[in-house]
Amino acid sequence: MVVTGLGLLVWQAPARLIERQLEKSAHPLQLRMTEGSIWNGRAQQAAWQGLQLGRVEWQTDRLDLLPPALHLSLQAEGPQLNANGELTVDRFGNLSGGPLGGSMPARWIDIQALAPLVFLDGQIDWSLDRLHWPRDGQVRASGVFHWRNAALTGLAKATMGDLRFVLEEQPSQLSARIESLRPGDISITGLIETDARQYRLDMMLDISPARPDIRRLLAPYGKRQPDGRIRIQWQGWLFPDSQAQENS
């Protein structure tokens, strides 16, 4: 009877309780202008680590009390982000789930600390079979990211065709193999490793002979190889607020 009563209370609890708890705990996920209930609600404004996600809706498929966890069907729709899938959130704010899919602009990935005035362009679509994203700890996932119409803008302007990132779980990090699916001014192969906050990138650039200007611009960022390719090794932050939170 007690468990049933607790379940009814949670079911009827307003969604603003989630909003307040996330704000109080300084969780990476923040919700604003919430409506509905914990069981079935929506937020007109949502953000993840400072990135504006737009409108988010959720429906609770199941509630576990021992240990506490919410199993959600999630949809996010904003001017730049679309996402949908199945997620589980435990009382510590750890996320897990799958399948998950969505898209976001490539310019969200900030490389200014490494290549000032060079920006990424294009659209990144993803399809994840499985995701485990602890609030503090190693991210694990399997799936594919597809960077369509990949390009550099700003100081360097060049096309990179379409790129595919195949996620592979490693003992101490998440890694993705980079493959060029469609050639552009630059063809890329390489590897990226991340803990979902910072990334480490090791890639080879094969630059078209028709773009000596791009070779001159990018050469200072890497090391020329005997076969003429340029090897670039970068590391940085995936999200704009991650470094600020780390230093606070």
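We number each residue from 1, following the sequence as shown. For the numbers below, each heavy atom of this structure counts, side chains included, while hydrogens, waters and symmetry mates do not.
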[atom2] on [Y] to [atom1] on [X], rounded to 0.5 Å:
X    : Y    : atom1 : atom2 : result
L31  : R20  : CG    : CZ    : 13.0 Å
E19  : K24  : CD    : NZ    : 14.5 Å
I124 : F165 : CD1   : CZ    : 6.5 Å
I230 : L218 : CD1   : CG    : 6.0 Å
M33  : R16  : CE    : CZ    : 14.5 Å
S142 : D129 : OG    : CG    : 4.5 Å

If every non-hydrogen atom of [X] is compared with every non-hydrogen atom of [Y], which pair is closest and at what distance?
X    : Y    : value
T34  : A43  : CG2-CB, 3.9 Å
P116 : Y221 : O-OH, 4.2 Å
W126 : A83  : CZ2-CB, 4.0 Å
A156 : L217 : CA-CD1, 4.0 Å
Q198 : T194 : O-OG1, 2.7 Å
A158 : I214 : CB-CD1, 3.7 Å

Do R130 and R140 have side chains that approach each other closer than 4.5 Å (heavy atoms only, starting at C-beta)?
yes

Do R148 and D125 come close enough that some side-chain heavy atom pair is under 4.5 Å?
yes

Evaluate L167 against F145 for side-chain contact (heavy atoms from CB on, under 4.5 Å), listing each step before the verdict.
CA-CA 8 Å; L167 300 186; F145 283 69; 3.6 Å; yes

Candidate pair R107 and L120, rule side-chain contact (heavy atoms from CB on, under 4.5 Å), full reasoning:
CA-CA 5 Å; R107 63 178 175 273; L120 304 182; 5.5 Å; no

Determine, using the 4.5 Å side-chain heavy-atom cutoff (strictly less than), whether [X] and [Y] are members of one ILVMFWY cluster.
X    : Y    : answer
W147 : I109 : yes
I186 : M204 : no
V144 : L191 : no
V166 : L100 : no
M104 : L128 : yes

Q75 atom CD: more than 12 heavy-atom contacts under 6.0 Å:
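No, the 6.0 Å shell around CD holds no more than 12 heavy atoms from other groups.
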
For atom CD of Q235, is the number of surrounding heavy atoms from other residues, nucleotides or ligands below 6.0 Å larger than 12?
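Check fails, neighbour count at 12 or below.
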
I'd like to know if the side chain of D185 and the backbone of T159 have a donor-acceptor N/O pair within less than 3.5 Å.
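Flag set: sc D185 to bb T159 pair under 3.5 Å.
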
Check whether T153 reaches the backbone of K157 with its side chain - one donor and one acceptor, N or O, closer than 3.5 Å.
no

Using distance alone, with no hydrogens and no angle criterion, decide if [X] and [Y] have a side-chain donor and acceptor under 3.5 Å apart.
X    : Y    : value
Q44  : R55  : yes
E86  : S73  : yes
S175 : E193 : no

Just do the side-chain contact (heavy atoms from CB on, under 4.5 Å) check on L163 and I188 with the steps written out, would you?
CA-CA 8 Å; L163 300 173; I188 299 176; 4.1 Å; yes

Output every pair passing salt bridge (charged side-chain N to carboxylate O under 4.0 Å, His left out) with a member in residues 212-233, not counting sequence neighbours, ordered by first then second residue.
D202-R231, R211-D213, D227-R229

Go through it in stages, so that I can follow the logic: the residues are L201 and I232, the test is side-chain contact (heavy atoms from CB on, under 4.5 Å), and I'd like the CA-CA distance, side-chain angles, deciding distance and then a yes or no.
CA-CA 8 Å; L201 177 64; I232 293 181; 5.7 Å; no

